[in-house]
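For reference, the structure discussed in these notes is given below.
Read the numbers this way: they start at 1 and go in the same order the structure lists the ligands and their atoms. When reading the values below, keep in mind they use all heavy atoms of this one structure, side chains included, and skip hydrogens, waters and symmetry mates. Start at 1 with the first residue, then count along the sequence.
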Amino acid sequence: MRQQVDWAHVLIQCRNNVREKIRPLLKKIDRPQRDLGIGAGGDPIENVDLAAETAIVSTIRKHEITFTLISEESGIVEYGESPRQCYVTADPIDGTTNLIRGAPFYATSIAVSTEPTLTKVHTALVTDLFRGTTYTAQKGRGAHKDDRRIRPSTNTSMEEAVIGIDLNSYRIQNIAPRLTKLIGKTKHVRHFGANALELCYVADGTTDAFIDIRGKLRTTDMAAAWLIIREAGAIITTPQGKPLRAKLDPKQKVEFIAAANLEMHTRIISLTKPEKEKT
Ligand code: IPD
Ligand code: CA
């Protein structure tokens, strides 16, 4: 029998538990940490990543929910008797480097779906752990920042736009030629270092676009923000303008262009198109 779960409520409880469990660790973050190995997403695991993941899992299990966890730290883990009914995709801490260095921009991201596919995400939460603000969305019910409904910016001028571009890459020479024109047309370029939160900034109009065309970002980092962006009324597609249909898996990589409105989205796609694709 399919379980009935109030996921919006459960995700808020997960957030509260993450905040509580990481609070003591944040106080001693500058002390040397034990080596905890490499997580399923391929990055070194920090204490705080594990504490946040444990907080999420234990909150959900307290509700006796059967589910499959898809996490950047532990990978894919099944809980309960019918774990294929429901998938919880988590990046327990997005922006771990910021957190460890004391830069105030890091988040927890959790998405719930009926299948391990981005398009099946129905409930999402991204919480800014430094500022304490929380973005949520439920399919067909809009997106919210705390209690306020959010909408993306209506700006269509590239010259005025604030655009996020993820430039974290050892292969910058591969993507740089596609970014030159866009950067040349944009006065305000940003990268804050936690992609889930940066996508939420497009959803609530803080920025006008955020793009990541490195082929390096995991779906676990952006599954929740994908729904938040769409429910807010902004657009997120592949760099070619096609719908994003990625599998939810800590090893699955994704590239995207997210923009506040169709005009800005079309403009960015055209500015970032590789020369050989142009007709
Ligand atoms: C990282 C952040 C960062 C992006 C990296 C991600 P993490 O997430 O989202 O902005 O450039 O590719 O790995 O590792 O802190 O969860
Ligand atoms: Ca992470």
Side-chain angles (χ1 to χ4, degrees), residues 14-15 18-19 21-22 25-26 29 33 36-57 69-77 88-111 118 124-130 135 163-172 174-176 179 189-203 206-207 209-226 228-229 236 239 244 246 248-258:
C14 288
R15 173 204 68 184
V18 168
R19 282 181 183 165
K21 296 295 167 12
I22 69 165
L25 299 175
L26 294 180
I29 203 76
Q33 309 277 316
L36 296 170
I38 302 292
D43 290 338
I45 304 176
E46 302 290 338
N47 261 336
V48 71
D49 294 316
L50 275 192
E53 184 182 274
T54 307
I56 294 166
V57 170
L69 175 74
I70 303 171
S71 168
E72 199 178 297
E73 309 309 335
S74 295
I76 299 177
V77 189
V88 175
T89 300
D91 185 0
I93 304 287
D94 181 42
T96 304
T97 304
N98 280 349
L99 183 153
I100 288 168
R101 296 290 187 108
F105 196 83
Y106 46 88
T108 290
S109 164
I110 318 172
L118 195 54
L125 175 144
V126 173
T127 188
D128 179 332
L129 292 165
F130 185 83
Y135 295 86
I163 296 192
I165 304 178
D166 194 328
L167 294 168
N168 264 343
S169 179
Y170 293 121
R171 290 175 295 153
I172 188 67
N174 297 347
I175 59 164
L179 294 173
V189 173
R190 302 283 186 273
H191 179 45
F192 299 118
N195 288 14
L197 211 45
E198 290 182 80
L199 283 166
C200 291
Y201 272 24
V202 179
T206 305
T207 59
F210 180 63
I211 81 166
D212 187 340
I213 58 170
R214 301 169 300 153
K216 207 178 154 192
L217 194 76
R218 299 166 283 247
T219 46
T220 42
D221 289 75
M222 50 72 74
W226 175 86
I228 293 168
I229 279 258
I236 181 164
L244 276 176
L248 295 173
D249 186 296
K251 294 204 167 41
Q252 176 70 46
K253 303 293 165 62
V254 69
E255 298 183 12
F256 58 78
I257 289 180

>> Tell me if a side-chain donor or acceptor on S71 pairs with a main-chain N or O of E73 at a distance below 3.5 Å.
In response: yes
>> Using the rule given for side-chain contact (heavy atoms from CB on, under 4.5 Å), can you reason through F192 versus L197, listing the C-alpha separation, both sets of side-chain angles and the distance that settles it, and then say yes or no?
In response: CA-CA 9 Å; F192 299 118; L197 211 45; over 6 Å; no
>> Test of understanding: with side-chain hydrogen bond (donor to acceptor under 3.5 Å, both in side chains), list the residues that count as partners of E198, not counting sequence neighbours.
In response: H191
> Counting N and O atoms only, with roles assigned by atom type, does the side chain of T108 sit under 3.5 Å from a partner on the main chain of P92, one being a donor and the other an acceptor?
Replying inline: yes
> Would you say the side chains of D49 and T96 form a donor-acceptor pair under 3.5 Å?
Replying inline: yes
> Tell me, which residues have any heavy atom less than 4.0 Å from some atom of ligand 1?
Replying inline: D43, E72, D91, I93, D94, G95, T96, D166, N168, H191, G193, A194, N195, R214, L217, R218, D221
>> Tell me whether R214 is salt-bridged to E255, with the criterion being a basic N under 4.0 Å from an acidic carboxylate O.
In response: no
> Which N, O or S atoms belonging to the protein are less than 3.0 Å from the Ca ion (ligand 2)?
Replying inline: E72 OE2, D91 OD1, I93 O
>> For F210, give me all partners under ring-ring contact (aromatic ring centres under 6.0 Å, His included), at least two apart in sequence or on another chain.
In response: F256
>> I'd like to know if the side chain of T219 reaches the main chain of D249, judged simply by a donor and an acceptor atom lying under 3.5 Å from each other, with no hydrogens or angles considered.
In response: yes
> With no hydrogens and no angle check, do the side chains of D166 and N195 hold a donor and an acceptor under 3.5 Å apart?
Replying inline: yes
